[in-house]
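Remarks on the structure that follows.
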Amino acid sequence: MSANPFTRLAPFIQEFIYKKRWDTLREAQVEACRVLFDTPNHLLIASGTASGKTEAAFFPALTELYNEPSSSVGILYIGPLKALINDQFERITDLLKEGQVPVWHWHGDVSQAEKTKLMQKPCGVLQITPESLEGLLMNRPNAIPALFQDLRYAIIDEVHAFMGADRGIQVLSQLTRIERMASCSPRRIGLSATLSDYETAAAWLGAGTKNAVEVVSPQGGRKLRLSVEHFSFPDARDEKQAEQLELARKAYYDFVYDNTHLKKALVFTNSRSDAELTTLELRRIAAKREQRDVFHVHHGSISAMLREEAEAALREGPGPAVAAATLTLELGIDLGELQRVIQLGAPYSCSSFVQRLGRSGRRGDQASEMMFLCPEDEDEEAQLPARMPWMLLRAIAVIELYIREKWVEPLALRKKPVGVLYHQTMSMLKSMGEAEPPDLARAVLTLPAFRGIEPEEYKEFLQYLIQTDHIQRTEEGSLIIGLGGEKIVNNYRFYAVFKDDEEHVVYNGSEEIGSITTVPPPGYCFSLAGMLWKVEEVDTKHKALYVKSAKGKVDTLWLGAGGDVHTRVVQKMREVLADSTIYPYLAPGAVNRLERARRLARESGLLKQVVLPAGGDSLFILPWAGSKQFRTLERLLKHNLSERLALRSIVPMEPYYMVVAGKVDNETLMEEIRKELTDCEDAGALLDPDEAPYLGKYDEFVPPKLVRTAFAADGLDLEGLAEVLGMVHGAAGRGAMDV
């Protein structure tokens with residue numbers, strides 16, 4: 001670690017440190033000062049939550065702005081969520097009170113008057129989402145030089161949330177476009193608490209620039225307090241079992257209530273629907289017990305006002321406060337001294353686990369505490385794999401992988417991001433007004449993410465956009481946006497590259513409650529913000545619902561599925577099932593359920609076969625592979641083997657097992673899978689000639705041939721599937737496993 005750089009920091013930062021009564025700068029902050037003060041390098045700060053990453057980035061960057069004020073925005077901060085921007089805005093505003101360095105935030109909830117002030121006198125720090133930055137680049141291109149001509153630093157928070165995703169491609173493209181349009185060369189700073197693959201992350205951060213990327217990753221111990229409990233919900237086949245199910249559900253929600261209602265607690269769920277249902281049930285219990293309603297909901301479909309109320313109650317409120325949340329509270333937001341974090345179900349990834357774990361234990365020497373509650377249906381008469389507690393196994397797997405091995409999912413960068421290629425092509429053409437085909441091709445294909453797109457592919461791509469009227473060729477031969485393209489580009493939803501279902505805004509009187517994707521007719525009920533509402537009026541034209549408070553039991557109304565699971569997590573689940581270890585963090589119910597699952601796995605031979613008989617003419621396939629490899633196997637079976645082997649049905653239960661029916665035995669099926677993997681060298685062979693599956697939001701506007709190429713490159717993984725099956729089957733031809 002370098003010498004303490006405290007004396008080199010701006011006086012107002014030194015005063016801030018004095019007021020906070022910090023005894024010393026943290027290692028990440030010291031090392032960040034060394035890199036930013038003494039080298040020209042970019043910087044990647046990879047350290048745990050509450051390790052001072054934000055200050056590590058801002059202290060030296062703000063010192064430079066204090067010593068040499070910028071003639072435009074000097075620091076651009078890009079955050080993945082509006083809630084995170086708001087949180088950081090408050091933190092930085094407090095820091096800059098004495099520094100006379102203005103700080104601005106810019107997203108959909110910020111007033112136009114505030115944005116106009118910045119445009120009139122660009123300076124200081126701008127905090128923005130990728131979507132709002134896209135809007136700036138598209139709609140105000142003439143303002144970009146004045147806004148960013150003296151940009152010194154571009155800070156990307158929660159870089160793991162961007163890398164490997166379409167939004168990450170968008171962010172890198174935006175930075176390159178700013179550098180070209182404003183003739184600036186900002187140094188890049190990436191922040192993350194959940195990286196393990198530093199080399200790939202550093203290459204991503206520095207993409208398209210000449211500067212080296214230096215990684216600061218202080219190693220620090222962390223006290224953890226973990227517990228895992230399991231709740232079995234019996235199958236309701238008759239009246240008696242229905243009563244048992246009702247009692248089991250009551251016990252589950254009572255447990256959640258008893259462990260939260262007197263604390264400041266965060267309850268993470270894997271979906272908006274689960275967050276809504278949980279809050280609804282907790283409020284019902286509070287009403288029944290005649291106790292205070294301290295419960296909130298926080299997810300992307302809740303109004304900004306209600307989200308901010310939930311954040312304020314957790315961070316600043318005097319008494320107990322409980323918020324059920326999705327990933328909107330997973331990233332970076334400092335919620336103060338939370339007393340408990342509960343995860344309902346299991347995270348889909350180690351990365352998500354680490355982020356959620358980091359919401360607690362953020363003060364002093366406190367331990368990071370997290371309680372997993374795994375509710376699963378249990379039917380003793382179900383098929384063999386369906387009797388496995390997959391959720392419990394996944395919870396144990398992500399815990400073991402992180403606390404024993406410090407493993408987090410590696411980054412997987414897209415090779416052919418064709419949907420974002422369309423998005424950035426249209427965005428740049430909108431910004432430029434018109435462009436000669438070679439100039440547009442040069443501008444787009446030199447963006448870092450599109451180096452894998454061949455010039456000939458892009459030429460065909462532009463010709464297709466001209467044919468579909470997304471782009472028009474003028475009489476002079478230059479390109480402009482066509483009528484079909486204008487319908488897409490001129491909609492505010494175009495700013496985002498992630499898929500978003502069209503939503504209707506919900507109003508109770510004049511108060512905005514939030515939004516839903518599935519719209520019920522008038523007279524029907526639904527839940528939102530942890531409360532029940534009855535639809536009074538549907539305004540289809542303005543995409544609005546008007547409601548009043550209601551009572552009863554109903555479903556919540558969003559589309560969506562779970563996340564992808566990495567092969568390493570699934571294989572660890574298998575190891576947990578094959579092991580005999582009783583993990584110290586398992587509560588009695590979880591121990592009992594795990595032991596029963598292990599006994600069933602031993603007795604059934606579940607761990608010794610990839611393919612095993614399921615009774616009649618059915619077979620089970622358990623590849624112990626991640627989601628991407630599982631889907632590759634499913635496609636290989638359906639496309640290449642189904643007809644040849646007379647398979648009449650293939651039912652996937654992603655990513656754990658498949659049920660296959662047909663007149664083929666398990667040994668023959670395994671042999672045919674292996675043979676097909678050996679013979680199939682191109683993943684494109686798993687697609688029908690007229691098939692072009694979409695991976696991204698804008699793939700539908702891309703030539704089908706290019707979509708097919710992209711899906712084969714980024715949506716399938718023949719090599720990974722072959723590796724997994726090669727690792728797991730030992731005896732040739734029989735699909736046996738070594739345990």
Side-chain angles (χ1 to χ4, degrees), residues 1-79 84-105 118 121-128 150-158 186-193 214 216-218 220 315 332-334 336 362-364:
M1 189 164 70
S2 304
N4 196 320
F6 175 81
T7 56
R8 300 176 69 178
L9 296 174
F12 76 92
I13 296 177
Q14 295 180 6
E15 186 65 27
F16 174 83
I17 293 171
Y18 281 132
K19 287 180 179 177
K20 291 287 184 181
R21 298 184 178 179
W22 294 359
D23 295 327
T24 183
L25 292 176
R26 298 183 181 183
E27 183 178 352
Q29 294 160 355
V30 172
E31 286 298 296
C33 286
R34 176 188 62 77
V35 174
L36 297 182
F37 283 150
D38 299 331
T39 81
N41 298 338
H42 300 309
L43 172 64
L44 176 63
I45 306 175
S47 62
T49 52
S51 61
K53 290 188 298 297
T54 301
E55 290 79 9
F58 274 106
F59 282 176
L62 288 171
T63 294
E64 180 177 332
L65 256 62
Y66 178 83
N67 293 333
E68 298 178 36
S70 58
S71 58
S72 70
V73 168
I75 300 174
L76 176 65
Y77 168 97
I78 302 174
L84 182 57
I85 297 257
N86 292 340
D87 178 68
Q88 298 290 22
F89 179 73
E90 291 180 16
R91 290 175 65 182
I92 300 303
T93 300
D94 183 43
L95 171 62
L96 295 179
K97 278 179 181 175
E98 302 299 325
Q100 298 182 341
V101 179
V103 57
W104 315 85
H105 62 330
L118 170 64
K121 189 179 179 182
C123 56
V125 180
L126 172 60
Q127 298 177 305
I128 196 167
D150 195 16
L151 182 64
R152 315 277 181 82
Y153 295 97
I155 299 174
I156 307 171
D157 205 352
E158 307 290 357
R187 294 168 69 182
R188 299 178 184 177
I189 305 173
L191 310 179
S192 179
E214 197 157 340
V216 168
S217 179
R315 185 169 47 221
I333 299 170
D334 189 351
R362 298 176 67 93
R363 296 291 183 271

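Heavy atoms only: backbone and side chains are in, while hydrogens, waters and symmetry mates are out. Quantities reported herein were computed from a predicted structural model and do not represent experimental measurements.
The closest donor-acceptor contact from the side chain of W104 to the backbone of C123 lies under 3.5 Å. Remark: the backbone N or O of I45 is not paired with any side-chain donor or acceptor of K53 at under 3.5 angstrom. At distances below 3.5 Å, at least one donor-acceptor pair connects side-chain atoms of S217 with backbone N or O atoms of A46.
Residues meeting the side-chain hydrogen bond (donor to acceptor under 3.5 Å, both in side chains) test with S192, sequence neighbours left out: H160. Residues passing the side chain to side chain contact (heavy atoms under 4.5 Å, CB included) test with K20 are F16, W22, D94, sequence neighbours excluded. Every residue meeting the side chain to side chain contact (heavy atoms under 4.5 Å, CB included) condition with N41, not counting sequence neighbours, appears here in chain and number order: V35, T39, A212, E214. Under the rule for a side chain to side chain contact (heavy atoms under 4.5 Å, CB included), the partners of C33 that lie at least two apart in sequence or sit in another chain are P5, L9, F37, P60. For S71, the side chain to side chain contact (heavy atoms under 4.5 Å, CB included) test picks out Q149, D150, with sequence neighbours left out.
Looking only at side-chain heavy atoms (C-beta outward), T24 and V30 stay at 4.5 Å or farther from each other. The shortest side-chain heavy-atom distance between I75 and V101 does not fall under the 4.5 Å cut-off. Looking at heavy atoms from C-beta onward, F58 lies in side-chain contact with V125 at the 4.5 angstrom threshold. The shortest distance between side-chain heavy atoms of I85 and Y77 falls below 4.5 Å. Looking at Y153 and L36, their side chains come closer than 4.5 Å, going by heavy atoms from C-beta outward. With contacts defined as side-chain heavy-atom distances shorter than 4.5 Å, the pair P218/R26 does not qualify.
Note that CG of L191 is 7.5 Å distant from CD of E158, once rounded to the nearest 0.5 Å. Remark: F59 CZ to L25 CG distance equals 7.0 Å, nearest 0.5 Å. To the nearest 0.5 Å, the span separating CD1 on I17 from CD on Q29 amounts to 7.0 Å. Here the straight-line distance linking atom CG of L126 with atom CD1 of I155 works out to 11.5 Å at 0.5 Å rounding. Taken from CD1 in I189 to CD1 in I78, the straight-line distance is 12.0 Å, to the nearest 0.5 Å.
Listed by first and then second residue, the side chain to side chain donor-acceptor pair (under 3.5 Å) pairs that reach into residues 8-19 are R8-D38, sequence neighbours excluded.
Residue F12 qualifies as enclosed at atom CZ: its count of foreign heavy atoms under 6.0 Å is above 12.
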